[in-house]
There are 2 protein chains.
Amino acid sequence: MAFAETFKALSDPVRREILTLLKKQRLSAGEIGNHFDMTGATISYHLSILKKAELVTETKCKNFVYYELNTSVVEEVMLWLSDLKGDYQDETV
Amino acid sequence: MAFAETFKALSDPVRREILTLLKKQRLSAGEIGNHFDMTGATISYHLSILKKAELVTETKCKNFVYYELNTSVVEEVMLWLSDLKGDYQDETV
DNA sequence: TTTCTATTTAGAAATATTTCTAAATATATG
DNA sequence: CATATATTTAGAAATATTTCTAAATAGAAA
């Protein structure tokens with residue numbers, strides 16, 4: 001996992017909102033797009049960045065592409081922050 | 001605290017390295033600059049972004065400006081991520 | 001006060017990001 | 001097969017970010 005890509009992915013408000021939507025359930029690209037006043041192409045661009053950062057995974061079904069939150073990468077980011085904070089409570093080190 | 005500014009601040013590798021340096025001890029702008037192959041002006045720019053995001057605090061002493069990590073904002077980011085992950089263990093909700 | 005050191009500010013150049021429209025791809029259905 | 005739906009890709013425009021040099025500011029020391 002590359003922190004550079006992950007933090008970059010998290011730095012955009014649209015992408016953070018997409019992740020928040022995916023917190024409850026997996027959604028198709030179109031369903032995600034419906035929550036925003038943007039073209040599908042733009043949503044697809046943001047999804048591609050979240051995917052590269054491994055913050056989401058995709059599953060194809062019929063002619064839909066479903067996206068799901070990948071909590072394990074979220075956890076890795078939390079560990080980085082936890083280490084920065086100097087809190088060794090939940091570290092494996 | 002504004003997550004937009006905080007995540008943006010965290011999204012740059014130079015700024016993450018500055019935060020890592022400040023993990024151990026507070027440092028002056030010049031001491032921070034010595035760790036990078038960049039001009040002082042560039043370091044000053046990065047410090048201003050970390051300061052706006054409240055990830056660091058500054059203290060002036062003589063003609064030095066010392067920077068210190070602000071762990072409370074780091075914790076707030078961790079809470080956001082924790083909520084995203086759906087782990088309510090350490091939440092006040 | 002003059003000069004030196006530390007840091008920031010201003011402005012410009014290079015690069016990266018975000019967004020759009022239009023076209024392409026891929027699958028489903030009549 | 002032809003058409004409709006869902007999504008992605010390509011390319012361009014607008015905007016934002018990162019970095020530099022040069023100049024400005026502020027305090028310390030001679």
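Residue numbers start from 1 in every chain, and the chains themselves are labelled A, B, ... in the order their sequence lines are given, proteins ahead of strands. Just the heavy atoms: all of them, side chains too, but no hydrogens, waters or symmetry mates, feed the values below.
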Give a yes/no on whether any side-chain N or O of [X] is located under 4.0 angstrom from OP1 or OP2 of [N].
{"X": "B:T42", "N": "D:dT18", "answer": "no"}
{"X": "A:T39", "N": "C:dT19", "answer": "no"}
{"X": "A:Y67", "N": "D:dT8", "answer": "yes"}

Quick one: which of [options] gets closest to the side chain of [X]?
{"X": "B:V65", "options": "C:dT21, C:dT8, D:dT18", "value": "C:dT8"}
{"X": "A:S28", "options": "D:dT7, C:dT8, D:dT19", "value": "D:dT7"}
{"X": "B:H46", "options": "D:dT19, D:dT7, C:dT9", "value": "D:dT19"}

5' priority, DNA chain D, between A:F64 and B:K8 [closest heavy atom]: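 Its nearest nucleotide lies further toward 5', so the answer is A:F64.
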
Could you walk me through whether B:L22 and B:Y66 pass side-chain contact (heavy atoms from CB on, under 4.5 Å), step by step? CA-CA 10 Å; B:L22 294 177; B:Y66 288 96; over 6 Å; no

Does the base of C:dT7 carry an N or O that pairs as donor and acceptor with the side chain of B:N63 under 3.5 Å? no

Atom OH of A:Y45 and atom P of D:dT7: how far apart are they, to the nearest Å? 20 Å

Starting from the C-alpha separation in whole Å, work towards a yes-or-no answer on side-chain contact (heavy atoms from CB on, under 4.5 Å) for A:K23 and B:D83. CA-CA 9 Å; A:K23 191 183 143 182; B:D83 178 58; 3.0 Å; yes

Using 30° and 60° as the class boundaries, would you call the ring planes of B:W80 and B:F3 parallel, tilted or perpendicular? tilted

Hey, could you give me the CG/NE2 distance between A:L27 and A:H35, rounded to the nearest 0.5 Å?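 If I round to the nearest 0.5 Å, the distance is 6.5 Å.
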
